[in-house]
Q: 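Here it is, the structure, as structure tokens.
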Amino acid sequence: MLMTLFGHWALALGIPLAVNAANSTYSNPIFPGFFPDPSCISVPEWDNTFFCASSSFSVFPGIPIHASKDLANWRLVSNVLSRPEQLPDLAITNKSTSGIWASTIRYHEGIFFIMTTLVFDDQAQTNFSRWDNMIFQSTNPFESSSWSDPVHFNFTGYDTSPYWADNGTVYVTGSHPWEVTPGITQTTVNLTTGAVGSDLRYIWNGTGGEAPEGPHIYNKDGWYYLMIAEGGTGLNHMETLARSKTIGGPYMPDPANPIITNANTTQYFQTVGHADLFQDPSRSWWGVCLSTRSGPEFLVYPMGRETVMFPVTWQTGDWPILQPVRGQMSGWQMPTTNLSIAGEGPFTDAADHITFPPNSSLPIHLVHWRIPINASYTISPPGYANTLRLSPSRLNLTAYDGNYAGPEGQTFVGRRQTDTLFTYSVNMQFTPQTEGDEAGVSVFLTQNHHIDLGVVLLANTTSSSSPQPLVPYFRFSATSYLTVPPPLLVPVHASYPNYTSLSNTSVTTLNLYLEIKAINLTHYAFSAGPIESMSDLLTIGTAPAADVSFGFTGTLLGVYGTTNGRIVNSSSPGAPAYISDWKYTPQGRFIS
Ligand SMILES: *[C@@H]1O[C@H](CO)[C@@H](O)[C@H](O)[C@H]1NC(C)=O
Ligand SMILES: *[C@@H]1O[C@H](CO)[C@@H](O)[C@H](O)[C@H]1NC(C)=O
Ligand SMILES: *[C@@H]1O[C@H](CO)[C@@H](O)[C@H](O)[C@H]1NC(C)=O
Ligand SMILES: *[C@@H]1O[C@H](CO)[C@@H](O)[C@H](O)[C@H]1NC(C)=O
Ligand SMILES: *[C@@H]1O[C@H](CO)[C@@H](O)[C@H](O)[C@H]1NC(C)=O
Ligand SMILES: *[C@@H]1O[C@H](CO)[C@@H](O)[C@H](O)[C@H]1NC(C)=O
Ligand SMILES: *[C@@H]1O[C@H](CO)[C@@H](O)[C@H](O)[C@H]1NC(C)=O
Ligand SMILES: *[C@@H]1O[C@H](CO)[C@@H](O)[C@H](O)[C@H]1NC(C)=O
Ligand SMILES: *[C@@H]1O[C@H](CO)[C@@H](O)[C@H](O)[C@H]1NC(C)=O
Ligand SMILES: *[C@@H]1O[C@H](CO)[C@@H](O)[C@H](O)[C@H]1NC(C)=O
Ligand SMILES: *[C@@H]1O[C@H](CO)[C@@H](O)[C@H](O)[C@H]1NC(C)=O
Ligand SMILES: *[C@@H]1O[C@H](CO)[C@@H](O)[C@H](O)[C@H]1NC(C)=O
């Protein structure tokens, strides 16, 4: 009775009911790994489920959707982009900063909408042709196949976000390119046809920080609130707010700006910004944004920009108050634990043990770099049950200059690194036949940033025979904007003198266990050994995680196959690699 009375009193003052209950504690990030630019909604009509979308840049499938009923357990339920036909141009973007930028998820009258931008980040293009804005729709976000083909609309800029006025008009608010005349612009859009209004207006230019972007509009207590990110997505990142009585402005800034940031602090969680706000079933407010676990040094953050959550207090007529982002958080009582969530993918903290059984398909949390050539990935081909056959691409993981690859594909499939400490391993059967044939495992951030342990067939350059015999070597190499040591070559056979399967250079079918382990906060170790004897595992090399800490994306752990430039076609397909027993084991998540 006392609680009920207290509840009414709280309501009258506009204080959310949740103050009645004990607060919850939880830890950030809520989606560890490469899940930047979050946008989240709460959907009462769908059994009070929360849904979030993330940026995916060049990876395919793209635009992952997570769902939760308790804010604590999140499942990857679908990918908005799962069919190459939805967006063929994703195959031809250049640079690691291209691809799918911030997606906004919204629910309106029974339909889920994703509004997003495919960016062609080529410096030559600064006009609208660089920004391909689009809308996807779904009536069942638990199935990737439910997401529509996009409707494209003409908007010079990015980070577009829709807002439905009561009269049915849909406003699109986005970011004008920062190199030209930065600011938040707005027009109207027809979501069915993509037709945009003729009046593109600047509604707010922010508080003076670099790159005002990531806008969202909320209507509360007679005010339109416009929340944006400023400062660029690095150490100066912050979130700012303004409000207006009309949607088109003028917008007056919040005197408390920035409303959330970790800039100029020594926090482990940095680059806090690019936020979205939503309300749980108890009417308590929450927010999500991106953050890097880098500390102010900003040198080691291989997982890149991750999704964090914070509680928000938003009383009637007042500006909202956002709690600062930390690793250990306390906030409103969360909904009761509920793990019954439909969907196609794993929970965010799950381990992997993928055995590629016949008639299965690749799990939806596995991704490629740009649109894959499907024939390069065959599960359980004849004679090789419970394996994934990787057919090599002509291009290696770097391809040309590290920026371009084009539509011919780079054979690679990986999963996001989601833990500071982990062990990732596969078994690989590989019979390299021609010089340059290579297959192995990689910590892949971008074409310009990856650390690889492969087996590659190369000529023995110290041999006096002519031609020089081809020998399989372990090649351990790092590609980075940082200075890296030259590739290390170690002959495979000489590494394991005891194993007949590996001891005769005329026997070239190699059966190897390959492992990547994050041994501490700053370093990965790459190891290999004969499958039949784990005690003979050799660590071939270690490399700093700083080599793969850069830019907009986060590390992927995966397998690749390439001929290193030799043409691949039906008469010369290159040596396949058969991958089995794919494992990822989380071993620790640092939050301070
Ligand atoms: C990407 O770069 C390549 C090579 O420099 C160029 O030929 C191509 O036109 C570029 N593509 C786009 C979409 O900018
Ligand atoms: C946009 O930029 C491209 C590349 O610089 C140029 O070819 C094109 O004419 C421009 N289009 C408009 C409408 O300005
Ligand atoms: C897109 O909008 C711009 C600016 O309003 C205009 O110049 C251009 O012609 C439009 N492009 C298309 C394809 O409609
Ligand atoms: C629709 O509502 C918006 C927001 O209230 C208003 O600005 C706009 O003029 C209205 N449009 C029409 C066509 O009534
Ligand atoms: C924002 O900046 C643009 C481009 O520089 C300018 O045209 C516009 O007047 C500014 N708008 C406001 C509201 O300050
Ligand atoms: C969008 O365009 C279609 C086709 O012209 C039209 O039927 C529909 O009414 C428009 N929607 C809105 C909200 O104006
Ligand atoms: C951080 O400090 C710099 C230098 O004093 C200042 O320019 C900037 O506005 C500060 N950023 C925030 C978000 O407080
Ligand atoms: C519960 O969390 C909210 C949101 O962070 C905060 O405002 C409130 O002070 C907390 N209450 C207690 C008792 O800690
Ligand atoms: C390469 O050739 C040299 C000279 O014949 C030989 O000593 C060495 O063992 C060979 N290396 C490998 C990996 O076969
Ligand atoms: C394996 O090979 C190493 C190096 O040649 C040798 O020292 C060791 O005794 C061998 N072990 C077995 C079990 O044969
Ligand atoms: C992590 O491991 C590497 C490689 O063994 C070592 O050089 C480095 O000092 C270690 N770092 C820490 C923080 O222990
Ligand atoms: C990777 O591919 C590029 C382009 O095909 C080639 O120039 C480069 O030598 C290859 N790298 C290795 C290590 O073979």
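These numbers come from a predicted model, not from an experiment. As the structure lists them, so they are numbered: ligands from 1, and atoms in each ligand from 1. We're numbering straight along the sequence, starting at 1.
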Q: How does Tyr171 reach ligand 4, by side chain, by backbone, by both or by neither, if only non-hydrogen atoms under 4.0 Å count?
A: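 Side chain only; the backbone of Tyr171 stays clear of ligand 4.
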
Q: Any N/O of Asn154 closer than 3.5 Å to an N/O of ligand 3?
A: yes

Q: Hey, can you tell me if Trp178 and Tyr158 have their rings parallel, tilted or perpendicular (30° and 60° cut-offs)?
A: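 Correct class here is perpendicular.
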
Q: Is the ring pair Trp46/Phe51 parallel, tilted or perpendicular, if the boundaries are 30 and 60 degrees?
A: perpendicular

Q: Take the angle between the ring planes of Phe412 and Phe444 and call it parallel below 30°, perpendicular above 60°, tilted in between.
A: tilted

Q: Should you measure from each heavy atom of Thr169, which atoms of ligand 4 turn up under 4.0 Å away?
A: 1 (C), 11 (N)

Q: For atom 5 (O) of ligand 4, what is the closest protein heavy atom, and at what distance to 0.1 Å?
A: Tyr224 OH, 4.0 Å

Q: Got an N/O contact under 3.5 Å between Tyr473 and ligand 9?
A: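 Checking ligand 9 against Tyr473, no N or O pair falls under 3.5 Å apart.
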
Q: Number the atoms of ligand 9 from 1 as they appear, then name those within less than 4.0 Å of a heavy atom of Thr462, with their elements.
A: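 Atoms satisfying the 4.0 Å criterion: 1 (C), 2 (O), 3 (C), 4 (C).
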
Q: Report, in ascending order of atom number, the atoms of ligand 9 lying under 4.0 Å from any heavy atom of Val471.
A: 13 (C), 14 (O)

Q: Would you mind checking which non-hydrogen protein atom is closest to atom 11 (N) of ligand 4, with the distance to 0.1 Å?
A: Asn167 ND2, 2.9 Å

Q: Are more than 12 heavy atoms from other residues, nucleotides or ligands located less than 6.0 Å from atom CG of Asp166?
A: no

Q: Of all the heavy-atom pairs spanning Gly214 and Asp159, show the shortest one and how long it is.
A: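 Gly214 and Asp159 have their closest heavy atoms at N-OD2, 2.9 Å.
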
Q: Measure up the Tyr218 and Trp285 rings against each other and bin them: parallel (under 30°), tilted (30 to 60°), perpendicular (over 60°).
A: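 Ring orientation, 0 to 90° scale: perpendicular.
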
Q: Considering only NZ, NE, NH1 and NH2 on the basic side and carboxylate oxygens on the acidic side, decide whether Arg243 and Asp254 come within less than 4.0 Å.
A: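 Judged by the 4.0 Å cut-off on N to carboxylate O distance, Arg243 and Asp254 do not form a salt bridge.
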
Q: In terms of atom number and element, which parts of ligand 9 are under 4.0 angstrom from non-hydrogen atoms of Pro491?
A: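 Checking each atom against Pro491, I get 13 (C).
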
